[in-house]
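Keep in mind that the numbers below use all heavy atoms, side chains included, and drop hydrogens, waters and symmetry copies.
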Amino acid sequence: MATQTSMEDFEALLNESFELTTPEEGTVVKGTVIAIEAGQAIIDIGYKMEGRVELKEFAQPGQEAEIAPGDEVEVYLERVENARGEAVISRDKARREEAWDRLEKAYEKEERVEGAIFGRVKGGFTVDLGGAVAFLPGSQVDVRPVRDAGPLMGLPQPFQILKMDRRRGNIVVSRRAVLEESRAEQRAEIVGKLTEGDVIEGVVKNITEYGAFVDLGGVDGLLHVTDMAWRRVNHPNEILNIGESVKVQVVKINKETQRISLGMKQLQADPWDDVESKFPIDSRHTGRVTNITDYGAFVELEPGVEGLVHVSEMSWTKKNVHPGKIVSTSQEVEVMVLEIDTAKRRVSLGLKQTQGNPWENFEAAYPPGTEVEGEVKNITEFGLFIGLDGDIDGMVHLSDIDWDRRGEDAIEDYKKGDMVRAKVTEIDAERERISLSIKALDESFDGAVDGIKRGQVVTVNVTSIEDGGIEVEYDGMKAFIRRSDLSRDRSEQRPERFSVGDKVDARITQIDKASRRLGLSIKAREIAEEKEAVEQYGSSDSGASLGDILGAALKGRDDE
């Protein structure tokens with residue numbers, strides 16, 4: 001019984017001894033290089049076990065392995081024995097396990113780690129962190145995009161671990177974070193020495209659309225495009241080149257963000273100081289169009305001084321046209337100063353004022369009564385628009401087209417593009433209106449009435465019988481005798497007692513050349529004849545009756 005117990009104890013002690021003396025698979029063990037042959041190192045890891053490791057596993061990226069017999073090394077034991085009876089060991093895996101332990105501690109303490117970029121992969125680079133391989137994204141290489149990372153390859157340098165996952169074997173590092181930290185310290189020191197208003201020398205480091213970054217000796221300042229010159233600068237490369245030395249003034253320092261704003265124009269005289277004396281109101285100047293917008297065009301009067309020609313001040317006649325159709329960029333134009341606001345640094349300019357008001361110009365060249373000719377530009381329900389000199393229009397109202405026909409009928413004779421003659425009747429330059437008349441060209445009425453006068457009795461032909469009177473014609477002119485003017489006797493004021501073709505004597509009561517109207521009255525003729533008879537043949541006191549007097553007067557006239 002005692003013998004059995006002692007055997008069990010011996011077996012347990014033997015197993016315990018074996019476990020203590022035999023290294024566990026999947027751990028890192030120490031070994032000694034006993035030989036180097038066929039590109040491999042033969043390593044004795046004790047416990048009567050040897051294994052082989054490729055020499056390249058002992059080399060740093062891009063370097064030769066520095067190992068010799070007798071060197072003590074740590075290797076990773078994968079299996080105690082393979083088919084050849086050797087231990088399966090790896091220096092790479094040993095280094096990796098060793099590195100992961102070290103890197104995890106550094107990650108927890110947020111410490112930097114040493115490494116070297118050794119390869120290029122999609123989206124970035126691979127970094128050897130002393131046995132563990134990490135990924136360096138392209139955006140984390142430098143504070144600014146790097147076109148050529150060649151000079152950085154294989155160079156030992158510090159990195160910051162951004163993320164790591166041992167189970168998946170992923171490590172992401174950043175070189176940029178290290179640079180930014182060191183730059184921040186350097187920046188704080190330099191910024192602390194600067195004050196607003198300082199004038200310093202710098203070197204143009206980078207140029208963008210909105211400005212340029214100037215290196216002030218370890219810290220960058222932004223020189224915005226609007227602070228480069230008093231004049232308009234479309235792009236910074238018009239003034240600066242990369243690598244050029246420039247003198248700048250510190251305009252603003254933001255202590256919190258440590259951003260520095262710089263200016264160049266602040267070192268030059270402000271042209272706005274004497275704008276009012278150089279460009280008085282209503283003065284004319286030649287300037288250059290620098291920019292065109294929907295609402296107008298900017299014109300440079302001198303470097304640093306621009307004025308706006310609002311779209312409403314560009315043309316007398318082109319009201320709804322884009323400014324780009326009137327002027328072009330870089331064009332030299334003559335403008336008039338309309339208003340100056342030095343506080344807002346604004347100058348209002350006028351382009352049309354230098355060209356003269358076309359309606360005033362037209363009035364001087366074509367006063368009312370002048371005959372003009374132009375093309376029908378537009379036809380509306382109330383008249384014709386005729387194109388005139390000076391790129392302006394005149395209007396012929398419906399009532400001014402024809403003497404005899406309704407305007408709605410007469411306008412049918414015209415179409416766009418027709419050349420027509422008309423007479424200027426009225427010009428209102430302030431309201432930009434010109435009134436024309438086509439019918440005023442017909443002066444036949446003036447010639448026809450030159451030989452007659454008011455009060456004269458004329459013989460007319462009846463051409464039409466209407467309810468309100470009769471229409472008659474005299475020497476080619478039409479006139480209308482109203483019902484009340486048909487007779488002195490009310491009972492005879494009946495249009496139907498006349499027939500078309502009758503010849504009737506009527507007295508001229510009115511001659512209106514403007515409206516080409518002739519006023520006629522049979523009643524006025526009868527009254528005038530009665531008055532004349534009374535004066536000639538007697539009076540109301542003579543005892544003769546009115547009938548006798550009129551009879552004698554009419555007989556006397558017939559005898560004549």
Just by distance, do the side chain of Thr380 and the backbone of Gly383 share a donor-acceptor pair under 3.5 Å? yes

Please examine the side chains of Arg176 and Asp142, heavy atoms only from C-beta on, and report whether any two atoms are closer than 4.5 Å. no

Sidechain-backbone polar pair: Thr463 side chain, Glu471 backbone, donor-acceptor under 3.5 Å: yes

Between Val420 and Tyr414, is a side chain to side chain contact (heavy atoms under 4.5 Å, CB included) present by the stated rule, with each step listed? CA-CA 9 Å; Val420 296; Tyr414 300 90; 3.6 Å; yes

Shortest non-hydrogen contact between Ala149 and Phe125, atoms and distance: CB-CZ, 3.5 Å

Indicate whether any N or O donor in one side chain lies under 3.5 Å from an N or O acceptor in the other, for Gln249 and Asp198. no

When rounded to the nearest 0.5 Å, the distance separating OG1 of Thr329 from CD1 of Ile292 is 4.0 Å

Within the 3.5 Å criterion, strictly below it, is a donor on Arg175 or Gln157 matched to an acceptor on the partner's side chain? yes

Quick check, are the ring centers of Phe279 and His285 under 6.0 angstrom apart? yes

Atom CD of residue position Glu496 - does it have more than 12 heavy atoms of other residues, nucleotides or ligands inside 6.0 Å? yes

Less than 3.5 Å apart, any donor N or O on the side chain of Ser245 or Glu201 sitting next to an acceptor on the other? no

Do side-chain atoms of Lys377 reach the backbone of Gly417 as a donor and acceptor pair under 3.5 angstrom? no

Thr293 OG1 to Leu308 CG distance, which is reported to the nearest 0.5 Å: 6.5 Å

Let me confirm one number: the CE-CD1 distance from Met228 to Ile239, rounded to the nearest 0.5 Å. 6.5 Å

Heavy-atom check, side chain of Val396 versus side chain of Ile401, under 4.5 Å: yes

So which heavy atom on Glu332 is nearest to which on Arg288, and how close? OE2-CB, 3.9 Å

Among Asp505, Asp485, Val504, find the one that has a side chain to side chain contact (heavy atoms under 4.5 Å, CB included) with Ile522. Val504

Is the side chain of Glu375 donor-acceptor paired with the backbone N or O of Ile386 at a distance under 3.5 Å, no angle test? no

When rounded to the nearest 0.5 Å, the distance separating CD1 of Ile427 from OG1 of Thr370 is 7.5 Å

Full working for side chain to side chain contact (heavy atoms under 4.5 Å, CB included) between Val173 and Gln140: CA-CA 8 Å; Val173 294; Gln140 296 295 324; over 6 Å; no

Of all the heavy-atom pairs spanning Thr509 and Ala524, show the shortest one and how long it is. CG2-CB, 4.1 Å

Before you tell me yes or no, could you show the steps for Glu408 and Leu398 under side chain to side chain contact (heavy atoms under 4.5 Å, CB included), namely the whole-Å CA-CA distance, both residues' side-chain angles and the distance that decides it to 0.1 Å? CA-CA 7 Å; Glu408 290 80 356; Leu398 283 178; 4.0 Å; yes

Answer yes or no: is there a side-chain heavy-atom contact under 4.5 Å between Asp400 and Leu436? no

Output yes when a side-chain donor or acceptor of Glu306 lies under 3.5 Å from a complementary backbone atom of Glu300, and no otherwise. no

Heavy atoms from other residues, nucleotides or ligands near CZ of Arg433 exceed 12 (cutoff 6.0 Å): no

Checking Glu492 against Ser487 for the side-chain hydrogen bond (donor to acceptor under 3.5 Å, both in side chains) test, could you report, in this order, the C-alpha distance in whole Å, the side-chain angles of both residues, the deciding distance, and whether it holds? CA-CA 6 Å; Glu492 296 297 318; Ser487 176; 5.6 Å; no

Does a side-chain N-to-carboxylate-O contact under 4.0 Å join Arg346 and Glu339? no

Value for NE2 (His322) from CG (Asp294), rounded to nearest 0.5 Å, stands at 4.0 Å

Step by step, would you call Glu276 with Thr342 a side-chain hydrogen bond (donor to acceptor under 3.5 Å, both in side chains)? CA-CA 8 Å; Glu276 287 182 313; Thr342 51; 4.5 Å; no

Short question: side chain of Lys352, backbone of Ser312 - any donor-acceptor pair under 3.5 Å? yes

Check: Ile508 main-chain N/O paired with Gln456 side-chain donor or acceptor under 3.5 Å: no

Whether Arg421 and Glu371 form a salt bridge (side-chain N of Lys/Arg under 4.0 Å from carboxylate O of Asp/Glu) is what I want to check. yes

Please say whether more than 12 non-hydrogen atoms of neighbouring residues, nucleotides or ligands are located less than 6.0 Å from CZ in Arg345. yes

Using modelled atom types only, decide if a donor and an acceptor are shared between the side chain of Lys523 and the backbone of Asp489 within a distance under 3.5 Å. no

For Asp502 and Ser499, indicate whether the former's side chain and the latter's backbone hold a donor-acceptor pair under 3.5 Å. yes

Considering only heavy atoms from C-beta outward, does the side chain of Val372 approach that of Phe362 to under 4.5 Å? yes

Within-4.5 Å side-chain heavy-atom neighbours: Val376 and Lys415: no

Rounded to the nearest 0.5 Å, the CD atom of Glu209 sits from the CG atom of Asn237 at a distance of 9.5 Å

In plain terms, say whether Glu302 and Lys278 are close enough for a salt bridge, that is, a side-chain N and a carboxylate O under 4.0 Å apart. yes

Quick one: list whatever passes side chain to side chain donor-acceptor pair (under 3.5 Å) with Glu244, sequence neighbours left out. none

Does Phe213 reach the side chain of Leu222, with side-chain heavy atoms less than 4.5 Å apart? yes

Is any side-chain heavy atom of Met395 closer than 4.5 Å to one of Phe382? yes

Just checking, any donor-acceptor pair under 3.5 angstrom between side chains of Tyr474 and Asn461? no

Backbone of Lys344 reached by a side-chain donor or acceptor of Asp341 within 3.5 Å: yes

Distance-minimising heavy-atom pair for Glu334 and Leu351: O-CD1, 3.3 Å

Are Leu486 and Ile470 packed together at the side-chain level, in the sense that at least one heavy-atom pair is separated by less than 4.5 angstrom? yes

Walk me through it: do Glu466 and Ser464 pass the test side-chain hydrogen bond (donor to acceptor under 3.5 Å, both in side chains)? CA-CA 6 Å; Glu466 309 289 346; Ser464 176; 2.7 Å; yes

Heavy-atom pair of closest approach, residues His235 and Thr208: CE1-O, 3.9 Å

Should we count CZ of Arg259 as having more than 12 external heavy atoms under 6.0 Å? no

Can you give me the closest heavy-atom contact between Val460 and Leu520, atom names plus distance? CG1-CD1, 3.8 Å

Checking Arg507 against Glu526 for the salt bridge (Lys or Arg N to Asp or Glu O under 4.0 Å) test, could you report, in this order, the C-alpha distance in whole Å, the side-chain angles of both residues, the deciding distance, and whether it holds? CA-CA 9 Å; Arg507 182 184 174 94; Glu526 291 175 347; over 6 Å; no

Val250 vs Ile260, side chain to side chain contact (heavy atoms under 4.5 Å, CB included): CA-CA, chis, key distance, verdict: CA-CA 7 Å; Val250 178; Ile260 303 169; 4.1 Å; yes

